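Please read the structure below before turning to the comments.
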Amino acid sequence: MASLKRAGVLAGTRVVEIAGLAPAPFCGLFLADFGADVIVVDRVGKDGQPVLSLDTLRRGKRSIALDLKSPQGKQVFEDLISNADVLLEPFRPGKMEALGLGPTELMKLNKGLIYGRMTGFGQGGTPQMRDMAGHDINYLAVSGILSTLGTNDKPPNPPINLLGDFAGGGLTLATGVLLALLERHKSGQGQVIDAAMIDGANYVSTFVFNGIAQGGWRNGAAVGSGAGTNLLDGGAPFYRTYLCSDGRSVAVGAIERQFFSELVRGLGFEGDTASRLKRSQMDHRKWPETHKLFEQSFLTKTRDEWSDIFLGRDACVTPVLSVEEAGKFEHNVQRDVFFEGPNGNLEPCAAPKL
């Protein structure tokens, strides 16, 4: 198992992160993993003691507990900001301004400050929605992307909170921070980053929006309107998961003709059946029939037996691993994909590798 190695590309970059959950802490984690000095500002409770945070993304960070409503806590915070390169704040719009710690005030203290704001609905827009509570699933819902997830006969399924909180949120904010640091290198000026999960989730889904506009992707908000019937959402029999005889699964992604041919061969289809499957690969009308044939085939062997059959073959078939299995998977081990955390837990290493 690899050990955590902090890359030094952001060494000397000072980041103040106001405690939150998921997206902003993930941005801070990314910056810390690549060498930044990140200080998390925790809340102080009514008893004067630090409030325990549920944040699990604190590796490589330091912390301090401050009451930002008190003159003393505010002064310490401003001292931190005056020497910082980046601020990450996770509050609803207007909260920092109400504390007297908005961009106008803090950028007077530090003109080079990069003020990163992480929200779900954004700093602008309609007041009712901008100021409303929400979570990942709500941001995906109004972005339009949630309607594309799941199957045709059921309401949409959220992809845990990966698409909104982490891809559309934390990673988008981290990209904004890096762009702002690059700009500051040229201009000497900081700037405010308005990172909203509805914006980021949509941006990483540009491919889907363009596919719908060009008529190659069926979609609608109502059940039965297209989700789960497309090429990459489980509709195609050659791009989905299949159950095996041991109750575990394999993932199939044989889109290209040559990969599909290798899939058919690996599953044991020959003669007229193989020829018919290859001819009708992209015929939507034949997909249910092909899916049934593939489903029956995969049920004849265990996941690991199919993995052995397809290992090294260009059929785009791989085992669906549990998190625990992924940590022991030889390819992942050789690439140092994971490391052992302080409590012996499995954690992903920073990516990309530099």
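Since this is a predicted model, take the numbers as computed values, not measurements.
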### Message
Aromatic contact between Trp306 and Tyr242, with the criterion being ring centroids under 6.0 Å apart: yes or no?
### Response
no
### Query
Are the ring centres of Phe30 and Phe26 closer than 6.0 Å?
no
Between [X] and [Y], does at least one N-O distance fall below 4.0 Å, as a salt bridge requires?
X: Glu105; Y: Lys74; answer: no
X: Asp308; Y: Arg303; answer: no
X: Arg240; Y: Asp233; answer: no
X: Arg62; Y: Asp37; answer: yes
X: Arg265; Y: Glu262; answer: yes
X: Glu325; Y: Arg248; answer: yes
X: Asp85; Y: Arg184; answer: yes
X: Asp67; Y: Arg43; answer: no

Test item: [X] side-chain N/O and [Y] main-chain N/O as donor-acceptor pair under 3.5 Å:
X: Glu347; Y: Pro342; answer: no
X: Ser70; Y: Gly73; answer: yes
X: Lys353; Y: Arg335; answer: yes
X: Arg14; Y: Asn83; answer: yes
X: Asn332; Y: Ala326; answer: yes
X: Asn110; Y: Ile81; answer: yes
X: Thr273; Y: Phe269; answer: no
X: Gln214; Y: Gly216; answer: no
X: Thr172; Y: Ala167; answer: yes
X: Lys61; Y: Pro25; answer: yes

With a 4.5 Å cut-off on side-chain heavy atoms, are [Y] and [X] touching?
X: Phe209; Y: Asn202; value: yes
X: Leu140; Y: Pro159; value: yes
X: Ser245; Y: Leu299; value: no
X: Met118; Y: Cys27; value: no
X: Arg218; Y: His284; value: yes
X: Val204; Y: Leu163; value: yes
X: Leu231; Y: Phe238; value: yes
X: Leu146; Y: Tyr139; value: no

### Message
Using side chain to side chain contact (heavy atoms under 4.5 Å, CB included), reason through Phe298 and Leu243 one step at a time and then give a plain yes or no.
### Response
CA-CA 7 Å; Phe298 278 114; Leu243 192 65; over 6 Å; no
Within this structure, what is the [atom1]-[atom2] distance for the pair [X] and [Y], rounded to the nearest 0.5 Å?
X: Tyr239; Y: Leu232; atom1: OH; atom2: CG; result: 5.5 Å
X: Leu101; Y: Leu87; atom1: CG; atom2: CG; result: 9.0 Å
X: Gln296; Y: Leu267; atom1: CD; atom2: CG; result: 11.5 Å
X: Gln191; Y: Leu179; atom1: CD; atom2: CG; result: 8.5 Å
X: Met96; Y: Thr104; atom1: CE; atom2: OG1; result: 12.0 Å
X: Lys292; Y: Ser297; atom1: NZ; atom2: OG; result: 13.0 Å

### Query
Going through the distances and angles, do Asn210 and Trp217 end up as a side chain to side chain contact (heavy atoms under 4.5 Å, CB included)?
CA-CA 9 Å; Asn210 289 348; Trp217 194 280; over 6 Å; no
Please report the closest heavy-atom contact between [X] and [Y], naming both atoms and the distance.
X: Phe259; Y: Cys316; result: CD1-SG, 3.6 Å
X: Val38; Y: Gly28; result: CG2-O, 3.7 Å
X: Ala201; Y: Ser143; result: CB-OG, 4.5 Å
X: Arg92; Y: Asp131; result: NH1-O, 2.9 Å
X: Arg58; Y: Ser63; result: NH1-CB, 3.9 Å
X: Gly20; Y: Pro90; result: CA-CG, 4.1 Å

### Task
Keeping to residues at least two apart or across chains, list the salt bridge (charged side-chain N to carboxylate O under 4.0 Å, His left out) pairs with something in residues 157-176.
none
### Task
Consider only side-chain N and O atoms of Gln75 and Asp79, and report whether a donor and an acceptor are under 3.5 Å apart.
yes
Path from [X] to [Y] over hydrophobic side-chain contacts below 4.5 Å:
X: Ile18; Y: Val76; value: yes
X: Val192; Y: Ile114; value: no
X: Phe294; Y: Val320; value: no
X: Tyr115; Y: Leu99; value: yes
X: Ile198; Y: Ile193; value: yes

### Stepwise side chain to side chain contact (heavy atoms under 4.5 Å, CB included) test for Asp42 and Ile64
CA-CA 6 Å; Asp42 283 310; Ile64 184 173; over 6 Å; no
### Task
Run through Leu178, Asp194, Leu88 and flag the one making a side-chain contact (heavy atoms from CB on, under 4.5 Å) with Leu173.
Leu88
### Task
Could you please spell out the steps behind the side chain to side chain contact (heavy atoms under 4.5 Å, CB included) verdict for Leu263 and Val252?
CA-CA 9 Å; Leu263 168 65; Val252 175; 3.7 Å; yes
### Message
Checking Thr151 against Asp153 for the side-chain hydrogen bond (donor to acceptor under 3.5 Å, both in side chains) test, could you report, in this order, the C-alpha distance in whole Å, the side-chain angles of both residues, the deciding distance, and whether it holds?
### Response
CA-CA 6 Å; Thr151 58; Asp153 58 342; 2.9 Å; yes
### Task
With sequence neighbours excluded, tell me which residues meet side-chain hydrogen bond (donor to acceptor under 3.5 Å, both in side chains) with Glu97.
Arg117
### Message
Here's a test for you: under salt bridge (Lys or Arg N to Asp or Glu O under 4.0 Å), which of Arg279, Lys286, Arg285 qualifies with Asp283?
### Response
Arg285
